[in-house]
Structure formats: C-alpha cells, structure tokens
Amino acid sequence: MSKQDNVPKNPASWLLGKLATSLERIGAESLYYLEQAGRMGIFLFACLLNAIRPPYKLFPIVRQIHFIGYRSIFVILFTGTFTGMVLALQGYYTLRKFGSEGLLGSAVALSLLRELGPVIAALMVVGRAGSAICAEIGIMRNSEQIDALECMAIDPYKYLMAPKFIAGIVSMPILTFVFDVAGIMGGYVVGVSMLGVPGGTYFQEMYRSVVWADVEMGLVKSLVFGLLIIWISAAKGYFLHLERSGGFGAEGVSRTTTSAVVLASVAILVWDYLISAILL
Amino acid sequence: MSYNETMSFAEGLMVNSPQKNIAIELIDVDRSFGNQQVLKKINLVVEEGTTTVIVGASGQGKSVMLKHMLGLLKPDNGQVLVYGQDLAQLRKAQLKEVRKDYGVLFQNVALFDSMNIFDNVALPLRERTEASETEIRANVEEKLALMDLDGVNEKYPAQLSGGMKKRVGLARALVMNPRIVFFDEPTTGLDVSKSNEIYRLFHRTQKRLQYTAVIVSHDVPKIFKLADRVALISDGIIEGSMSPEEFQLSDNPTICAFVRETMGPIYCSADEEKFIHETV
C-alpha cells in the first residue's frame, strides 16, 4: 500500500467521522455503566426491602451467619493477632524515638478500632465469604436454579438474598470486634512479653485514650462494609448472565467472582476514606 | 397404569372440545436480542387441559417462546395472556400469583444441587404454604412414589442418573398440583427407555392431575403421540398449530420439509414400537 492511500481524501469529514465514533463509544460506555449502576441500585433496594419485610425465617439467617460469620472466625483471629503484633512491633520502635513506649497500647488500640480492624476484617470476609457467595449465586444463575425459583413463585430476593444481607450486617461488626480483641492481645504479646512494656501501662493508656467515638467509627464502618460485601458479591452473581464479557460456564463464573472480589475490596477502601472523612 | 388405560386417556385428549377455556394465548409476540429478531409475530393458543407440543430445530426460538410464557422474558411487542392476564402488564406480586399455577420441568432440570432430593421437592411447599412438616413429608413422598422414586430422599442431585433427575424434577414441578406444566426438552440427554419412562409418567400424572401441558421438544415423531396440538416454530415464526394428524399431512411447505426431515425412516426397537402403538 502506498503512503498516499493513507491520506484521507476529505480530512474534515474523516475527522468528523473519527469524532463521531469516539463520542459513540463514550456514550455506549456511559450507558452501560449507568445501566449497571441502576441495576445494582434496584437490586440493593429489593434486597433490603425483603430483608425487613415479614415473614422472617430464622433458620436460613442462622445458616448464613454460620457461613459468613462463624466460619470466618479462624481467619479473623489469625490475621487480627498478627496485625496487632506487627503494629506493636512497628509502633514500639517509632514511639521509642520519642520516649513514649508507654503509649503503645493506645496506639495499637486506636489503629485497630478506627481503621485496621474494620478494613482488614472486611477484606478477609470478601476473600472468604464474598467470593463464595458470588460463585454460588452465579452457578445458580447459570444452571437455571434462579429461574426455577421464580417459576415456583418463590422470590429469589426473599429466599436467597435477604438472609445473606441480614447475616452480613450482623456478622461483620462481630468479626470486627473479634479482630480488634485478637489484635490488642497480639500487640500485648509483642509489646509486653517480648519488648518489655509494662502490662499495666499497656492497658491503662488504652483505657485512657479510647473513647466511644472510636468504637462508633469502627462499628459504622463494619456495618457499611458488611452491606457492601454482600451487595456487590450477590449482585455480581445474580446478574452474571448480563455480564458484557460473557458470564457463561465455569470461566464466566470465575471471571465474575474475581471482578466481584476486586470491586468489593476497592469499594471497602473508598468507603473507608469517606466514612473517616465524615465522622472525623 | 396399563398401556391400555394410557391409550384411552390419550384418545380422550385427542377429542378437541370447542368449549375448552384458553389457558395461554400469545398474540403477535415479537422479541429481539440485539439485532437478531428471535420471535416474529408469534400467535399461539393453548387450551386448558390439553397438551401442546412446540417443535422446531435448534435455535429457532422454542425456549425463548417458553420463557415468555413463564414470564421470565417480556415481549418487545404483543401480548402473552395466561388465563386472560397479560404477563407483561402484571406487577411482580401479580406475576407471582400467576406462577403459583405453574410447574416447570427445565431442560437441565435445575435441581438445587446443595439440597437433598426430599428438600428439593419440598421447597415449594415449605416456602409457599403453611403446611406442617408431617403434611409436607406425606405430600413429597406421594409425589416421589408417583414417579417410582424410592429411597432417594437423602441423596443429592449429583448422585442420581439423568433419568432419575428428570423424575425428581417432574415431582417438584407437580408437588403443588399446578394447572399448567411446562416441559422444556423433557427427554434431552436420555436414552430411549428412559425417554419412554418420562412419557409414561407424563401420561400417568396428567391423567391424575388434569393439568394443561406445554412441551417444547425435538423428539419427533414420538412426542406427537402425546400431543393434542403441535406447533412448529421455524425462524421465529409459528407455522401453524394443529392436531398431530393434520400436522403430518399439512401442505405447508415448511411443515412438509420438517416432517420429511424428522420423520423419514424411523428406526425403533420392538419395545418402542409397542409403546408408540399402544399410546396412540
């Protein structure tokens, strides 16, 4: 092909054509994301409405609390302990520079209660329960089980989603509390037993500096994160068949689960900043 | 039920009473996915208590049409009336009421793979009625016995053969004694004897429960033996809805071509021949 062939005959119309194509693409993308946002919003509304509307069936809720909450306790204890330990280790060497090793308990507790406890616990739950929820709902969607529920006049929002939402909102603050306690005890082991900070000082400083607002911030964050995890994971699975990249088969479920975990993790970090900015 | 009883029942169904109520009516239904028009001005009437079989090659719109009757898809234009109610105009709660009259046997059965067989069949009773566990157990066991399924209560769907799964699916579809039962390719993936078994169970249950049946199938010509009306869907268009005898003698070129292609030389085992002759 000669160089002359690449030169448009009418540069103005060529430029307009390119511009129109770009605008069309931007418009299509905007519409797609707007549609997704609308769908997710309606999904959240329907789930919350069904969660508060009777009849309430206790057993499915307890089963979901067992899955999301109880079965996450080990990983929460483990990560909480090591987070507290590393906080104490790093905090001790930083505070020692200012001769304030006695404030170690306060530093560990405040970091955990306000920030690290809710965030890391939520990220752990995303990895353990969020991914499983997305995959479970996605497989149910692919194998027509959700269609079957609808055809049996059983509302999937009430039957499948509502217990998960309630369990997520109930479990997350409890898991965060477990994470915080494990972290404080991990910090105690490193700070007091290994680095020689007096045990009484560790807890006394913690007691003196921690106020209700710190606990409240952690509680609000954990409630919001619990909602976010279940919302994003369940919705991604529920709308698997509408995924632009194709939600069919095992690969579709795997791809959607990955995207749900990434999206939920990003949402947790964004909302962590927003809640901190609002409550501080 | 003996073959003779089945035969007389099938003959009874062949008599086309003009007084029959209309259970389902599709009026000028159009449906497109993107640029592809899958249903084109579909018109179909399903009379109460009859068996309507929808045949056609793969990808012609059979399952899409079925999903419109189930209310899982809405038409772009036209109406889907179930006992006079336009599904597209119904609110979610009203659609749920209509679906209480439905039973569906999905192509892939769509059993809940995390539940055992008993719980699968009991699900509609537990979710939609106030029946006690004793009543539920009696009802489920009656339906499983009707399907010749013994000793499978505690098994999971993955532990059953394809034919047994279909029978469990049929038991679940019938457990609420629906007025209309939809069958999406009920014998796909089954060998000849298992297919005959499903047809025999279909006769038995329809005689007992008197439901209206809509069957989407490509098991031609055997499926004709069950039908009161046969409709051919080809390229999104219904090419007539008529009795099996009229269908086979039709001078419609599309129907002629379909009959020629699917009903050329038929190779049947002696048992199949017996089944076909005795059920007509």
Side-chain angles (χ1 to χ4, degrees), chain A residues 28 31-32 35 42-43 45-47 49-50 53-61 63-64 66-67 71 132-133 135-164 237-242 244 246-250 253, chain B residues 33-34 63 66-67 69-73 82 87 90-115 119-130 133 157-158 165 168-169 172-176 178-185 214:
Chain A
L31 279 177
Y32 173 74
E35 190 184 325
I42 293 167
F43 178 85
F45 178 74
C47 290
L49 192 70
N50 279 288
R53 206 164 50 184
Y56 308 108
K57 295 208 170 182
L58 194 61
F59 181 68
I61 297 171
R63 201 169 57 181
Q64 288 301 323
H66 177 264
F67 174 69
R71 289 176 67 181
I133 288 169
E136 178 197 342
I137 305 277
I139 289 168
M140 288 185 79
R141 169 63 74 190
N142 264 355
S143 56
E144 295 183 311
Q145 292 176 43
I146 291 177
D147 287 347
L149 279 176
E150 287 189 50
C151 292
M152 285 190 278
I154 298 170
D155 188 348
Y157 288 105
K158 183 77 188 165
Y159 177 73
L160 279 181
M161 305 303 170
K164 287 183 169 57
Y238 193 76
F239 297 119
L240 180 89
H241 59 306
L242 301 175
R244 191 166 47 174
F248 306 107
V253 174
Chain B
F33 294 99
S63 293
L66 193 70
K67 285 191 172 180
M69 294 187 209
L70 294 170
L72 294 172
L73 292 175
V82 176
L87 296 189
L90 298 182
R91 296 167 67 91
K92 205 176 164 190
Q94 293 170 315
L95 186 59
K96 200 172 155 184
E97 285 302 312
V98 171
R99 283 176 175 155
K100 284 183 179 173
D101 287 332
Y102 283 4
V104 186
L105 178 60
F106 283 88
Q107 185 173 355
N108 300 319
V109 194
L111 294 175
F112 301 105
D113 37 25
S114 56
M115 286 182 197
D119 289 340
N120 259 288
V121 181
L123 184 70
L125 294 165
R126 286 191 177 134
E127 291 298 316
R128 280 175 36 194
T129 69
E130 297 297 317
E133 264 310 299
K165 277 187 206 168
V168 174
R172 186 179 70 180
L174 300 177
V175 77
M176 298 294 291
R179 291 168 80 185
I180 308 172
V181 184
F182 299 89
F183 299 80
D184 189 3
E185 304 280 7
V214 178

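Predicted, not measured: the structure shown is a model, and the values here were computed from it. Naming: A, B, ... by sequence-line order, numbering from 1 per chain. As a basis for the values below, the full set of heavy atoms in this structure was taken, side chains included, without hydrogen atoms, waters or symmetry mates.
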Close side-chain approach of A:C151 to B:F106, heavy-atom, < 4.5 Å: yes
B:R99 CZ to A:I154 CD1 distance, which is reported to the nearest 0.5 Å: 11.5 Å
Proximal component of A:K158, with respect to chain B [non-hydrogen, under 4.5 Å]: neither
Region of B:D113 that comes under 4.5 Å of a non-hydrogen atom in chain A: both
Distance, nearest 0.5 Å, that separates CZ of A:F59 from CZ of B:R126: 9.5 Å
Non-hydrogen side-chain atoms of A:E150 and B:L70 separated by less than 4.5 Å: no
Side-chain donor/acceptor of B:R172 to backbone N/O of A:M152, under 3.5 Å: no
Exceeds 12 heavy-atom contacts within 6.0 angstrom, atom CZ of B:F33: yes
A:S143 versus B:A110, closest heavy-atom pair with distance: O-CB, 3.6 Å
Residue selection (most heavy-atom pairs with chain B, distance under 4.5 Å) from A:E136, A:Q145, A:K57: A:Q145
Atom group of B:L95 that falls short of 4.5 Å from chain A, counting heavy atoms: neither
Selection from B:V175, B:L72, B:N108 maximising heavy-atom pairs under 4.5 Å formed with chain A: B:L72
Spacing of A:D147 atom CG and B:K67 atom NZ [to the nearest 0.5 Å]: 5.0 Å
